[in-house]
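Scroll down for the structure; my scribbles are underneath it.
Letters A, B, ... are given to chains in the order of the sequence lines, protein chains preceding strands, and every chain is numbered from 1. Predicted model, so just to flag it, every value in this text is computed and none were measured.
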There are 2 protein chains.
Amino acid sequence: MFSKATEYALRATIYIAQRSSDENKPGMAEIAKAIDSPQSFTAKILQLLTRNNRIVSSVRGPNGGFFLTDKAKKLPVRSILEAMGEDEVLEKCVLGLKQCSEAKPCPMHTNYKLIKGQLIDLFETKSIQSLADEFENGGAKLNNRIK
Amino acid sequence: MFSKATEYALRATIYIAQRSSDENKPGMAEIAKAIDSPQSFTAKILQLLTRNNRIVSSVRGPNGGFFLTDKAKKLPVRSILEAMGEDEVLEKCVLGLKQCSEAKPCPMHTNYKLIKGQLIDLFETKSIQSLADEFENGGAKLNNRIK
DNA sequence: ATAATTAAGGACAAATTTATCCTTAATTAT
DNA sequence: ATAATTAAGGATAAATTTGTCCTTAATTAT
């Protein structure tokens, strides 16, 4: 559904949201290991997310790392997609037609409409914080390891 | 959601399903024009779909072209995804985790589960024929042209 | 039979995505 | 102040996807 870059962005952001505090800010090595992603590539992605501190914030130097402000934690998950320039996936026509709309529907349009609405609602309603909570308390995983 | 190749595959198959008959088999030039896709690339894709006549059938020579057997028209839309090797998109974890499951859910898993079920159901229930009917009678479009 | 037409398929090219490595800049601890 | 640590950013490479072009093979019409 999403590019690998966006998948890493989602996993990294959720991880950072749950693990960061004033005393502790996970660094690149820790994050990449925790979410099963290539470190350097993930670093590039976090650079996108830290632009203007839109989603993620960072500090350099010893004990530096990444964190989310309380404000950022309340952002909808969709904002991560937006920062990655991939939010249009939610609205996109299944057949890839630019002109597809209620007025000019593709053959899948009416069938897919309801699902699309739920998908948009999910990404706009769920906050980054709520997913971090699932990770912390719900036993949810962010990597592919067995144990 | 899907690759361009799969989008073209879906559009082309629906078009062929609706336009082909014993007397008339659309050719590559007509198909590519009708669905707004690059002709040579679409030709490659139709080669995949015609392998073993799984989805699409073809005849070469004058008045040749592509068509769907009645049996093929009854196939679920999902079979097109399968022929393109892209059906796992339907089952895939939103965060891209291979191990994501009911037992080891990612933070999005429970939220996305219902939507995923509907998506799978849509692609498994809808037949190629039913989409061709939408194209024929429902005024549905397969290209990006204004009029 | 021959020529015309059309899909099949191979080779290759362009564009995009994914990924790595190395240097620079900022910050902190000593 | 200095050295150590860590993110930022540039350059580049590998892999994949998207796309084109040309030749071959099959089929049909004449």
Just verifying a value: how many Å separate A:L46 CG and A:Q39 CD, rounded to the nearest 0.5 Å?
10.5 Å
Quickly work out the B:I45 CD1 to D:dT20 P distance and round it to whole Å.
11 Å
Residue matched to D:dT12 through Watson-Crick or wobble contacts both under 3.5 angstrom:
C:dA19
Looking at B:E7 and A:K92, does any basic side-chain N land under 4.0 Å from a carboxylate oxygen?
yes
Reading nucleotides 4-11 of chain D from 5' to 3' and marking B where a protein heavy atom lies under 4.0 Å of the base, S where only the sugar-phosphate is that close, and - otherwise, the string is BBBBBBBB
N or O in side chain of B:Y8 less than 4.0 angstrom from D:dG19 OP1/OP2
yes
For A:R19, which residues count as a side-chain hydrogen bond (donor to acceptor under 3.5 Å, both in side chains) partner, sequence neighbours excluded?
A:Y15
Rounded to whole Å, CE of B:M84 lies from C1' of D:dT18 at a distance of 11 Å
Identify whether any heavy atom of A:S3 sits under 4.0 Å from a base atom; if not, whether one sits that close to sugar-phosphate; answer base, sugar-phosphate or nothing.
sugar-phosphate
Grab the CD-P distance between A:E23 and C:dT28 for me, whole Å please.
15 Å
In whole angstroms, how far is the C1' atom of D:dT16 from the NZ atom of B:K4?
14 Å
As its Watson-Crick or G-U partner within any shown strand, both distances under 3.5 Å, C:dA26 has D:dT5
Distance check, rounded to the nearest 0.5 Å: A:L142 atom CG versus A:E134 atom CD?
11.0 Å
Assess, by modelled atom type and distance only, whether the side chains of A:N63 and A:K25 contain a donor and an acceptor separated by less than 3.5 Å.
no
What is the distance, rounded to the nearest whole Å, between atom CG of B:D36 and atom P of D:dG19?
12 Å
Rounded to whole angstroms, how far apart are CD on A:E7 and C1' on C:dA19?
15 Å
Are a donor atom and an acceptor atom from the side chains of A:Q18 and A:Q129 found within less than 3.5 Å of each other?
no
